[in-house]
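What follows is a set of notes on a single structure, which appears directly below.
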Amino acid sequence: MATQLGSLKMWWVVKMLFCFVLFSAPMVTVAARTSVLGTGAGSSGQKLEVEMQLKNLNRPAVKSITSPDGDIIDCVHVSHQPAFDHPELKNHKIQTRPNFHPEGHPFGESKVSSSKAKPITQLWHQNGRCPEGTIPMRRTRKDDLLRASSVQQFGKKKHKSSPQPRSAKPQPDLITQSGHQHAIVYVEGDKFYGAKATINVWDPKIQQPNEFSLSQMWILGGSFGQDLNSVEAGWQVSPDLYGDNNTRLFTYWTSDAYQATGCYNLLCSGFIQISNEIALGASIYPLSNYGSSQYDISILVWKDPKEGNWWMQFGNQHVLGYWPAPLFSYLSDSASMIEWGGEVVNSQSDGQHTSTQMGSGHFPEEGFGKSSYFKNIQVVDANNKLRAPKDLGTYTEQPNCYNVKTGNAGDWGTYFYYGGPGRNPNCP
Ligand SMILES: *[C@@H]1O[C@H](CO)[C@@H](O)[C@H](O)[C@H]1NC(C)=O
């Protein structure tokens with residue numbers, strides 16, 4: 001295992017060097033040009049770089065579906081997905097189903113929801129489905145790449161330059177970057193083999209296009225140094241990444257604290273998708289309304305004890321795919337921390353706190369139908385059982401801007417409300 005990982009890391013180093021040499025000159029051009037986007041043709045070097053990257057990101061489609069939101073969903077043969085470009089995965093035998101599924105309280109599996117139990121779907125389903133043997137991939141466009149700070153940076157979280165050192169007091173969010181704000185709950189100090197949550201879905205307002213608002217779970221392994229392993233899934237609104245304000249399903253992974261490895265969705269080699277029904281990065285539909293209908297999505301991530309792959313399930317029946325074990329170091333054993341909650345970017349653009357919302361944009365005190373929730377949060381233990389998390393911690397940088405409040409009750413199991421409006425009289 002150690003040598004495998006060694007060669008994997010080595011490959012990335014080589015690849016990054018290659019990219020740097022090949023793209024360092026044009027990258028400057030693209031970064032400088034983003035502000036004058038659309039005013040003329042780019043240099044031939046930039047054009048070539050964008051074309052190459054688009055060809056790398058988008059795969060030949062068996063069928064394409066135009067979603068009502070303008071997305072194009074390409075149905076790509078399962079063996080043509082980006083994951084198989086990864087040198088560690090060239091001879092990977094695709095797993096068509098997990099060997100094990102965690103057992104436990106079937107929260108969210110039943111139809112006992114207190115709100116209307118309409119199934120959550122994806123908007124593009126209104127115009128078609130992908131055939132068996134293919135996976136739906138959201139097509140990346142030229143404009144998506146031109147919005148990124150560089151073509152190579154597209155689809156990646158911004159480099160976390162200085163993770164905070166661990167202190168005596170638990171500081172779960174050591175991946176803090178200036179301007180990022182959180183309202184989360186977490187467990188640590190044990191070995192975890194997965195996590196589950198049912199997440200209320202909203203459309204928070206984003207003040208600046210370079211900000212985002214997301215609600216997700218993090219499955220973390222290792223320290224918060226240079227080699228943090230993370231597997232993440234949830235919903236996000238990110239104008240920079242998608243070019244609109246839609247609420248979208250997303251995943252993320254990294255094995256080196258967001259440096260060279262990992263990306264959102266299928267925007268690099270890594271995650272192996274098997275489902276032909278759910279597209280990563282696609283808009284979720286319908287969304288919750290303040291004081292009215294509430295909708296939520298269930299996400300389960302767990303480690304297959306036999307193969308070591310980390311699987312993801314969306315809703316009750318969609319096994320989406322998996323992150324193969326060779327991608328990770330710490331997570332190839334187990335996770336050491338699980339976090340659930342919201343994150344936004346506060347760009348402080350006009351010297352004031354941003355008015356970008358987290359969750360529904362309303363504080364936890366407002367409760368059901370008004371504040372956003374995570375319910376039935378669970379962890380997978382060493383016996384492959386789902387159970388309620390013990391000793392839940394909470395963390396938020398500025399509770400007057402975004403807050404979190406936990407609870408425990410019958411059908412909802414362990415739950416919390418989280419979020420807020422950002423700028424307000426108490427959060428100037
Ligand atoms: C996103 O929403 C903001 C306001 O919240 C608006 O100013 C902006 O134009 C929207 N962007 C798009 C691409 O619709």
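We count ligands from 1, going down the list as the structure has it; atoms in each ligand are counted the same way.
Atom-to-atom distance recorded for Y373:OH and S360:OG is 11.5 Å, nearest 0.5 angstrom.
Side-chain polar atoms of S230 and E232 form a donor-acceptor pair below 3.5 angstrom.
There is a protein heavy atom less than 4.0 angstrom from atom 14 (O) of ligand 1. The presence of a protein heavy atom under 4.0 Å from atom 5 (O) of ligand 1 is confirmed.
Under the 4.0 angstrom criterion for non-hydrogen atoms, G243 is in contact with ligand 1.
Counting only heavy atoms of the protein, atom 2 (O) of ligand 1 lies nearest to N245 ND2, 2.3 Å.
A perpendicular orientation is assigned to the rings of F328 and W253, their planes being inclined by more than 60° (bins at 30° and 60°). The aromatic rings of F416 and F374 sit parallel, their planes meeting at an angle under 30°, below the 60° perpendicular limit.
The shortest N or O to N or O distance between I206 and ligand 1 is under 3.5 Å.
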Practice task
Check step by step if salt bridge (Lys or Arg N to Asp or Glu O under 4.0 Å) holds for R59 and D85.
Solution key: CA-CA 12 Å; R59 301 295 159 124; D85 294 354; 2.8 Å; yes
